[in-house]
Amino acid sequence: MAGRAPRAPTLVIREQLVAALRAALAEVGFSEPAGGVALEPPKHRDHGDWSSPVALPVAKEVGEKPRDVAAKIVERLEAMRPPHVERIEIAGPGFINIHLAPTWLHDVLRVVVAEGEAFGRGDALAGGRINLEFVSSNPTGPLHAGGGRWVAVGDALANLLAAQGAEVHREYYLNDAGNQLDTFGASLFARYEGREPPEDGYQGEYLVEMAARLRADLGDSVTEEQAREWGYLDIVSQLERDLGRIGVHFDTWFSERTLHERGEVEKVIADLRSGGHAFENDGALWLRSTAFGDQRDRVLVKSDGVTTYLCNDLAYHRDKFARGWDHLIDIWGADHHGQVKSLQSGLEALGFPVGEPEVVLGQFVNVVRGGEVVRMSKRAGAIVTLADILDEVDPDVCRLTFLLQSIDTAQTFDLDVVTKQSMDNPVYYVQYAHARAVSIERTASERGVTRLPILDTNLAPLTHERELDLLRALATYPDDVAEASELRAPHRIATWVRDFASRFHGFYRDCRVINDDVALTQSRLWLAEASRIGLANALALLGVGAPDVMERLDDDTEDEADLS
RNA sequence: GCGCCCGUAGCUCAGUGGACAGAGCGACGGACUUCUAAUCCGUUGGUCGGGGGUUCGAGUCCCUCCGGGCGCGCCA
C-alpha cells in the first residue's frame, strides 16, 4: 500500500453505493441488469447527489412497475445504512435518488487538500510509454495562426496523458528530405539574388527578411544549396522560438533525413517486399494496403525511383517503435484523414498492432480578420503567423481560445476578438477566480488570521449551497480528467475550469470567507484553498497560467460624466 | 459516387443512452462603506436540420434525406 495514490473520493463513495445497490437487488431476488448497476451524478440538484436508474431495466425484466421495483430496492438499501446517506427517494419513472449529507463533500475537501498538486491524477495509463507527435509543420516557413490549435491541443493532451500515469514524449517531425524543401531553398535563393521566387515557390514576405539575414550571415557568394540549408536551420530555430513563446517544448525534433541516411526507408521497402505486402505495377512499387482495409492500394516507390511520403512515414513510425514507445499518437489536420488507413495498413503489414498510430484528427481553423477569412498558405504568402498573434495577445489567451472548443468542429479564430483585451474573455474570468482565491489567503494572513492544519479543522460549517456546489465540482474533477484523457478531448478540462470559476465567483460573492465566526472562517479558508488547487491543477493541464494577482482593468468606458 | 467531421437559444459553443437540453456573449432590469465589480443575481430566449427505427428511456445509437466543411494523386 506504500506509495499508492489516494483514491478519488467519487470513486470511493460510488463503489460503496453501487455495492449497496447490488446487495439490495440480491436480497430482493432481482438479478443485476445486463448493463450493470448504473450510478451517476444527476444534472439537477433536486435529484440528489447520486442517482440510479437500475429499477427501470429490472422492472422490464421481471414485468413489474418500475416504481414498485424501486420501492423494494430502496427498502433494503435504507436498512443497510450506507455511509453519508441522508435520505433516498424514488422519482420520475423510477429513479432511485440518493441524497447524501454534506459530510461526504467534506471528505472530498480533505482529499483535495491532501493530494494538492496531484489532485486529479489517475493511473489509467500507468506504465504506458506514449509518443505524441503534433504540429509537425513543414520547415519551409513560420507557423501560421491556425497551427496554434495543434500547439495548444497537443501540449494539453500530452499533459492529460501524463496525468493518467503515462510517460509522454512530445515529438516534432521535420520533413527535411522532400522536394518542398528544395522549392523553399530555390525561393529563398531567388530572394537572395533579388529575384522573385519561382511561380510554384514560396511567395511569402518572410523570405525577403530571411534573405537579408542570410547575406549578413554568409556573405555575397552563397550557393543555392547553402541558402537552403541555412534557411532550413533558421526556420527550425524560428519554430522553436515561437513555440517557446507559447510555452511548448518538444522532447525530440526528428529529422526525416536521418531515416534515409540510416537506410531505414530501404529496410521498410525490403521488409514489405519479403512479407509479400508489396507488388510492382506500371513501373512503381505498391503497398497492398487494401488487404488491411484501405480503400485502394498505395504507391511506395514512384516509377522515377523516389519513395513516397507514405513510404518515408512508415519508416518514421517504425523508428518510433524502435526507440521504445509502445503507443503512437499523431495529431493531424482533418485534411489528412485520407492517409490514416494507409499508414495504419503499412504498419500492420510491418507487424505492428492494428490501429497504430492512433490518429487524432482535428478540424480546421478559419482565421478571420476584419470579418473576412484569411487564407493560410505559405506558398501564396498571405499568412498571419502565430508569432504575429503572440505579439498582440497573451499566450494564455491564445491557448485557452483554442482549447475551449472540441477539435471535432471547425473553429473560427477571430483576430479582432482575440487580440482585443476584452473584459469578457474567458481567460481572465478563470484566472481572476484563481487570483481571488490567492487574494483571500493573502488578506487573511495580513490580518493575522492563520489557517490551522486541516486535520484540526471542523468542516461541518460548510453547508451553504455555494460551498457544496464547489465541492461537488471538485468531486467529479478526477473523473473528468480521466475522461478527457481517454477521449483525447482536452476541451473538457477547459469547460470544467470555466464552469468551476463560475461557481467560485458565486461562492466569493455570497460567502464571506474572513468573518467573525472563527470556525466558519477556518473551514472556508480551506475551501478557498481546495478551490485554488482545483483551478491551478486544471489550468496546469491546459498550459495556462494561474496568476496570484491580476491588475484591475482601467475602466475607460465609464467616465464619471455627471458633474452637473 | 465513396470516406471522415459538423448541424443544439439571435451569435459562439458545451452536453460518457437517463428525468424539465445547458454555459458564455447579446438584449433588458438589478447588486459595490465588505476578502479585487475582470464579479454576482434576475428576465428574455429552443420543432436539438427533416423523417423513420432500436430502447423502459434518444440531442446522444442505427438507417435515410437535406445543408455545410474536408479528403479521395506515381503531391507532401
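Taking atom CZ of residue A:Arg436 and atom P of nucleotide B:rC35, one finds them 11 Å apart after rounding to whole Å. Atom-to-atom, CH2 of A:Trp332 to C1' of B:rG71 comes out at 13 Å; the value is rounded to the nearest Å.
Nearest to the side-chain atoms of A:Gln295 among the listed nucleotides B:rA19, B:rG15, B:rG3 stands B:rG3. The side chain of A:Glu483 lies closest to B:rU16, out of B:rU16, B:rG73, B:rC35. Of the candidates B:rA14, B:rG18, B:rU16, B:rG18 carries the atom nearest the A:Pro53 side chain, counting heavy atoms from C-beta on. The nucleotide whose nearest atom lies closest to any side-chain atom of A:Met550 is, among B:rA76, B:rA38, B:rA19, B:rA38. Candidate nucleotides B:rC40, B:rC56, B:rC35 were compared by shortest atom distance to the side chain of A:Arg466, and B:rC40 ranks first.
Nearest-nucleotide assignment on RNA chain B puts the 5′-proximal partner with A:Leu361, out of A:His47 and A:Leu361. Mapping A:Ala435 and A:Pro93 onto RNA chain B by nearest heavy atom places A:Pro93 closer to the 5' end of the strand.
For the OP1/OP2 pair of B:rC35 and a distance below 4.0 Å, the side-chain nitrogens and oxygens of A:Arg447 include at least one atom meeting the criterion. Distances shown here put a side-chain N or O of A:Lys60 below 4.0 Å from the OP1 or OP2 atom of B:rC56. In this structure, A:His44 reaches the B:rG22 phosphate: one of its side-chain N or O atoms is under 4.0 Å from OP1 or OP2. Neither OP1 nor OP2 of B:rC6 sits under 4.0 Å from any side-chain N or O of A:Gln363. One finds no side-chain N or O of A:Lys341 lying less than 4.0 angstrom from the OP1 or OP2 phosphate oxygen of B:rC72. Considering only side-chain N and O atoms, A:Arg503 lies nowhere under 4.0 angstrom from the phosphate OP1 or OP2 of B:rU39. When the side-chain nitrogen and oxygen atoms of A:Tyr428 are compared with OP1 and OP2 of B:rU39, none of them lie within a distance under 4.0 Å. Dashed line: the shortest gap from a side-chain N or O of A:Tyr429 to OP1 or OP2 of B:rA37 is not under 4.0 Å.
Base-pair partner of B:rC2: B:rG71 (Watson-Crick or G-U wobble, both distances under 3.5 Å).
Ring pair A:Trp496/A:Tyr477 is tilted by interplanar angle, where 30° to 60° counts as tilted. In this pair, A:Phe292 and A:His277 present their aromatic rings tilted. The plane angle is within the 30 to 60° band. Ring geometry for A:Trp253 versus A:Tyr172: interplanar angle under 30°, hence parallel rather than tilted (30 to 60°).
Both stacking criteria are satisfied for A:Phe95 over the base of B:rA19: a centre-to-centre distance under 5.5 angstrom and an angle between ring planes under 30 degrees. Between the side-chain ring of A:His337 and the base of B:rG71, no stacking contact exists by the 5.5 Å and 30° definition.
B:rC65: glycosidic angle beyond 90° from 0, hence anti.
Rounding to the nearest 0.5 angstrom, the gap separating the CG atom in A:Leu539 from the CD1 atom in A:Ile493 is 10.5 Å.
Between A:Phe134 and A:Trp150, the distance separating the two ring centers is not shorter than 6.0 angstrom. Taking the ring centroids of A:Phe507 and A:His464, they lie at or beyond the 6.0 Å cut-off.
Residue-level contact check: A:Asp46 touches neither bases nor backbone, having no heavy atom under 4.0 Å from any strand.
Annotation: B:rA14 and B:rU8 have their C1' atoms spaced 10 Å apart (nearest Å). Only the P atoms considered, B:rG7 is 24 Å distant from B:rG53, to the nearest whole Å. Between B:rG45 and B:rU55, the distance separating the two P atoms is 38 Å to the nearest Å.
If you check distances only, the side chain of A:Ser502 never reaches the base of B:rA23 with a donor-acceptor pair under 3.5 Å. Looking at A:Asp335, its side chain has no donor and acceptor atom pair within 3.5 Å of the base of B:rA76. Judged by distance alone with a 3.5 Å cut-off, a donor-acceptor contact links the side chain of A:Arg509 to the base of B:rA31. Between the side chain of A:Thr409 and the base of B:rC6, no donor-acceptor pair of N or O atoms lies under 3.5 Å.
A cation-pi contact, defined as under 6.0 Å to the ring centre and within 45° of the axis, is absent between A:Arg466 and A:Tyr508.
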